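Below you'll find the structure, written out as structure tokens, and then a few comments.
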Amino acid sequence: MKVRRIVANIETRDAAAARRFYHDVLGLDVLMDQGWIATYGSGEKMQVQVSFMAQGGSGTPVPDLSIEVDDVEAALEGMMAAGFAIEYGPADEPWGVRRFYVRDPFGRLVNILSHR
């Protein structure tokens, strides 16, 4: 048996807010939209990972999601231009990532990072 995919499911009544954050700002593609569910993703091949954390590193809270991007500065600029408040960072962490925390429209704490 192999795990083929891991999907994060976030409850919302505001599909437009999800589209603005995950599609418009982060650039994820709309893979499916059935009205009651919209799935965002990418055609890029990605690793399957699940992390279990006691803390978020560097004394931060545990994020609900971690999203690795190819350009953390562009992601940061996009979030700020869209009016999303940055809650931590940007920071160069001792384990080799540059990252920041932002809350999505549903209050989920999102760790956006790039490996250095």
Side-chain angles (χ1 to χ4, degrees):
M1 193 275 312
K2 282 187 178 180
V3 173
R4 297 184 58 164
R5 178 170 58 153
I6 295 173
V7 177
N9 297 303
I10 299 172
E11 182 179 359
T12 183
R13 303 263 184 249
D14 190 351
R19 183 179 186 95
R20 182 170 169 251
F21 187 90
Y22 291 98
H23 173 73
D24 297 349
V25 177
L26 285 177
L28 292 174
D29 298 323
V30 179
L31 302 178
M32 174 183 64
D33 189 344
Q34 298 291 321
W36 60 273
I37 180 175
T39 301
Y40 298 89
S42 170
E44 295 288 323
K45 186 173 180 167
M46 299 180 193
Q47 295 178 343
V48 174
Q49 296 179 323
V50 175
S51 297
F52 299 89
M53 306 165 75
Q55 51 111 353
S58 295
T60 64
V62 173
D64 296 298
L65 295 171
S66 290
I67 299 175
E68 183 178 349
V69 298
D70 64 349
D71 187 340
V72 76
E73 299 305 325
L76 178 64
E77 289 172 19
M79 287 296 167
M80 292 186 328
F84 293 103
I86 307 306
E87 294 204 5
Y88 173 76
D92 293 315
E93 301 292 6
W95 55 90
V97 301
R98 181 160 176 78
R99 69 180 181 154
F100 66 92
Y101 279 7
V102 61
R103 290 221 181 252
D104 77 1
F106 318 108
R108 302 288 192 244
L109 189 59
V110 181
N111 173 33
I112 298 181
L113 67 114
S114 287
H115 284 88
R116 289 183 278 146

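The model shown is predicted, which means the values in this text are computed figures rather than measured ones.
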- Query: Which distance, rounded to the nearest 0.5 Å, do you find between the CE of Met32 and the OH of Tyr40?
  - Reply: 10.5 Å

- Which is it for Asp64 and Asp104 under the side-chain contact (heavy atoms from CB on, under 4.5 Å) test, yes or no, and what are the steps along the way? CA-CA 10 Å; Asp64 296 298; Asp104 77 1; over 6 Å; no

- Item | Validation row: Leu109, Pro61 side chains within 4.5 angstrom (heavy atoms) | yes

- Query: Just wondering, do Val48 and Arg5 contact through their side chains at under 4.5 Å, heavy atoms?
  - Reply: no

- Task: State, with a plain yes or no, whether a side-chain heavy atom of Ser58 is found less than 4.5 Å away from one of Arg99.
- Result: yes

- Shortest non-hydrogen separation from Pro94 to Arg116 and the atoms involved: N-NH2, 4.4 Å

- Kindly indicate whether the side chain of Arg19, heavy atoms from C-beta on, has any atom under 4.5 Å from the side chain of Val30. yes

- Item | With sequence neighbours excluded, residues passing ring-ring contact (aromatic ring centres under 6.0 Å, His included) with Tyr22 | none

- Task: Taking the side chain as every heavy atom from C-beta outward, state whether Glu11 and Phe106 have any pair of such atoms under 4.5 Å apart.
- Result: no

- Task: Measure up the Phe21 and Phe84 rings against each other and bin them: parallel (under 30°), tilted (30 to 60°), perpendicular (over 60°).
- Result: perpendicular

- Message: With heavy-atom distances below 4.5 Å as the criterion, would you say the side chains of Val7 and Thr39 are in contact?
- Response: no

- Task: Mark yes when over 12 heavy atoms from residues, nucleotides or ligands other than Glu44 sit less than 6.0 Å from its CD; otherwise mark no.
- Result: no

- Item | From NE2 (His115) to CD (Glu68), nearest 0.5 Å | 5.0 Å

- Query: Is the closest side-chain heavy-atom distance between Met79 and Val25 below 4.5 Å?
  - Reply: yes

- Message: Please determine whether residues Leu65 and Met46 belong to a single hydrophobic cluster, defined as Ile, Leu, Val, Met, Phe, Trp and Tyr linked transitively by side-chain heavy-atom distances below 4.5 Å.
- Response: no

- Message: Can you give me the closest heavy-atom contact between Met53 and Pro63, atom names plus distance?
- Response: CE-CD, 3.9 Å

- Query: Hey, any chance Val62 and Val102 share a hydrophobic cluster, counting ILVMFWY side chains that come within less than 4.5 Å of each other, even indirectly?
  - Reply: no

- So do Asn111 and Thr60 actually touch side chain to side chain, heavy atoms under 4.5 Å? no

- Query: Considering all heavy atoms of both residues, which atom of Trp95 and which atom of Val97 are nearest to each other, and what is their separation?
  - Reply: NE1-CG2, 3.2 Å

- Message: With a 4.5 Å cut-off on side-chain heavy-atom distances among I, L, V, M, F, W and Y, is there a chain of contacts connecting Val69 to Leu113?
- Response: no

- Task: Group every Ile, Leu, Val, Met, Phe, Trp and Tyr by side-chain heavy-atom contacts under 4.5 Å, then state whether Leu76 and Ile67 land in the same group.
- Result: yes

- Message: Quick check on the hydrophobic clustering: are Val110 and Tyr101 connected, directly or via other members, by side-chain heavy-atom contacts under 4.5 Å?
- Response: no

- Message: Looking at every non-hydrogen atom in both residues, tell me the closest pair between Gln49 and Ile6 and how far apart they are.
- Response: O-CD1, 3.8 Å

- Of the non-hydrogen atoms in Ser42 and Asp29, which two are nearest, and what is the gap between them? CA-OD2, 4.2 Å

- For Ser114 against Val72, the heavy-atom pair lying closest together: OG-N, 3.3 Å

